[in-house]
Amino acid sequence: MTDLTKLTLAAARDGLKAKSFTAVELTRAHLAAMEKARGLNAFVTETPELALDRAEQSDARLAKGEAGAMEGLPIGMKDLFCTEGVRTTACSRILENFVPPYESTVSANLKKAGAVVVGKTALDEFAMGSSNMTSAFGPVINPWKRKSDPSVQLVPGGSSGGSAAAVAARLVLAATGTDTGGSIRQPAAFCGLVGIKPTYGRCSRWGIVAFASSLDQAGPMTRTVRDAAIMLGSMVGHDPKDSTSAKVAVPDFEAALTGDIRGLKVGIPREYRPDGLSDEISRLWEDGIAMLKAAGATPVDISLPHTKYALPTYYIVAPAECSSNLARYDGVRYGLRVEGKTLDEMYAKTRAAGFGKEVRRRILIGTYVLSAGYYDAYYIKAQKVRRLIADDFAKAFETVDVILTPTAPSAAFGLGETDDNPVTMWLNDVFTIPTSLAGLPGLSLPTGLSADGLPLGLQLIGRPFDEETVLKVAEVMERSAGFQAVPAGV
Ligand code: GLN
């Protein structure tokens, strides 16, 4: 039999329908792969019994011809989605033993579509980070290795690094991610995957542990564009339980992959060419532009003048929202509690023991920028700049249909290779954050390898709720790029 872990989501779906194998066989193959790859630390919690149980139910539904869109397909669930009866940690000590009594809407939607969740994947603590190194449960290892020195352990990116490593290492067919400033797209780029952050409001945030509520969005991480389209369709939809969930129709994303992008205008923003952009990334971007031209699209030089303010704006808005969202972890309502002589001491001890360094840093920044004396100078100012950034995109989209940029300024870096300066890490998201601030859909797809044999990604940005064009263009690029590389040993 073919190695079932090597299939795409689409091929596995079709194989199940054609009865070439069963959902139980497919699930067992992935559980075996997970067991062998524990060294990657991609999963916080494995749920093999639950998965096999669900796979059996999928087989029964498949036999009756009642299969859902994700029927019997093994996936990983980022450990930020609350899963009823299954521990949900956000990779924080403060939620180490938290077992939610409810299910997030996105994970419920996926289960309703028949998906088989095999476990909860690791992330940066509360999704704050770009490397998975801020997780309370240790770093995740990228299955990709440098050609020049395969002994160096590389980060998978973050914050959805456990999901990215699991999909790249063929431990699951696909996985969920969340993206606040790049957490789906950057790890997808570091691990040679497709990842799409849909428009803000497309996926319900209900039951997702909150980081920065005006930015957080869920999305799929997959090995192909078609797989992303399939999975996205099973995640999205209006949810009355989330007041920011948009009342928009759910299109057939897979049907959007027509292969025809003739006449489309593709914006190439000049501000995404900062001084010091590596030759490798510039070349990747040029190659991407050439692919689009060859397919009949027209590149258009555009300007997004406020781009340079995006990173500082994000690092005011996101910590502000984080400090307010994380106030709920007080030792009373959820998870960890460290006793103290007074109520205040109990709060302080609980939060000092429960939160890691990066999370504490963000809470401090957030509390500062929201404080009475600084609110106008920082928070209100950031909100105004955020609007200007969104307006730049709106103006550009009057003339172009989609925008092409690099996803990240470099390939995956080594575990101990970053200095201690948090700003170095924050710079990773320089290309993904503007899209997040504007609430637009953004997709990363692998289009080439670095000189050292590591995957590199390009980002496509679309109009609000126009994931269809983004996916359509991505699929055409995927075909011309012909990215077939896989991590060694896979
Ligand atoms: N790396 C960014 C941060 O640390 C984005 C994280 C995310 O998208 N969740 O905030």
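Remember, it's 1-based here, ligands and their atoms both numbered in the order they're listed. Since the model is a prediction, treat every value here as computed from it, not as a measurement.
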Please check if the distance between the ring centroids of F211 and F126 is under 6.0 Å.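 Here the rings of F126 and F211 have centres that are no less than 6.0 Å from each other.
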Are a donor atom and an acceptor atom from the side chains of [X] and [Y] found within less than 3.5 Å of each other?
{"X": "S163", "Y": "K78", "result": "no"}
{"X": "T45", "Y": "D79", "result": "no"}
{"X": "K120", "Y": "T83", "result": "yes"}

Relative to the heavy atoms of [X], which atoms of ligand 1 are at a distance of less than 4.0 Å?
{"X": "D179", "value": "8 (O)"}
{"X": "A127", "value": "6 (C), 7 (C), 9 (N)"}
{"X": "S159", "value": "9 (N)"}

Consider every N or O of [X] and every N or O of ligand 1, then say whether any pair is closer than 3.5 Å.
{"X": "F211", "value": "no"}
{"X": "G182", "value": "yes"}
{"X": "S183", "value": "yes"}

Enter the distance from K112:NZ to T105:OG1 here, rounded to the nearest 0.5 Å. 8.0 Å
Contact partition for [X] relative to ligand 1, non-hydrogen atoms under 4.0 Å:
{"X": "R362", "answer": "side chain"}
{"X": "F126", "answer": "neither"}
{"X": "T180", "answer": "both"}

Tell me the protein heavy atom at minimum distance from [atom], and give that distance in Å.
{"atom": "atom 1 (N) of ligand 1", "answer": "D429 OD2, 2.6 Å"}
{"atom": "atom 3 (C) of ligand 1", "answer": "Y315 OH, 3.3 Å"}
{"atom": "atom 5 (C) of ligand 1", "answer": "Y314 OH, 3.3 Å"}

Does a sphere of radius 6.0 Å around CZ in F465 hold more than 12 heavy atoms from other residues, nucleotides or ligands, not counting ones at 6.0 Å or beyond?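 Counting neighbours around CZ of F465, more than 12 heavy atoms of other residues, nucleotides or ligands fall under 6.0 Å, so yes.
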Determine the interplanar angle of the F98 and Y334 rings, folded into 0 to 90°, and report it as parallel if under 30°, tilted if 30 to 60°, perpendicular if over 60°. perpendicular
For the residue pair Y374 and Y368, categorise the inter-ring angle as parallel (less than 30°), tilted (30 to 60°) or perpendicular (more than 60°).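 Judged by the thresholds at 30° and 60°, the geometry between Y374 and Y368 is parallel.
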Can G129 be said to touch ligand 1, with heavy atoms closer than 4.0 Å?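 Yes, G129 has a heavy atom closer than 4.0 Å to ligand 1.
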Dump the intermediate steps for side-chain contact (heavy atoms from CB on, under 4.5 Å) on V486 and R223, then the final yes or no. CA-CA 10 Å; V486 292; R223 299 196 286 257; over 6 Å; no
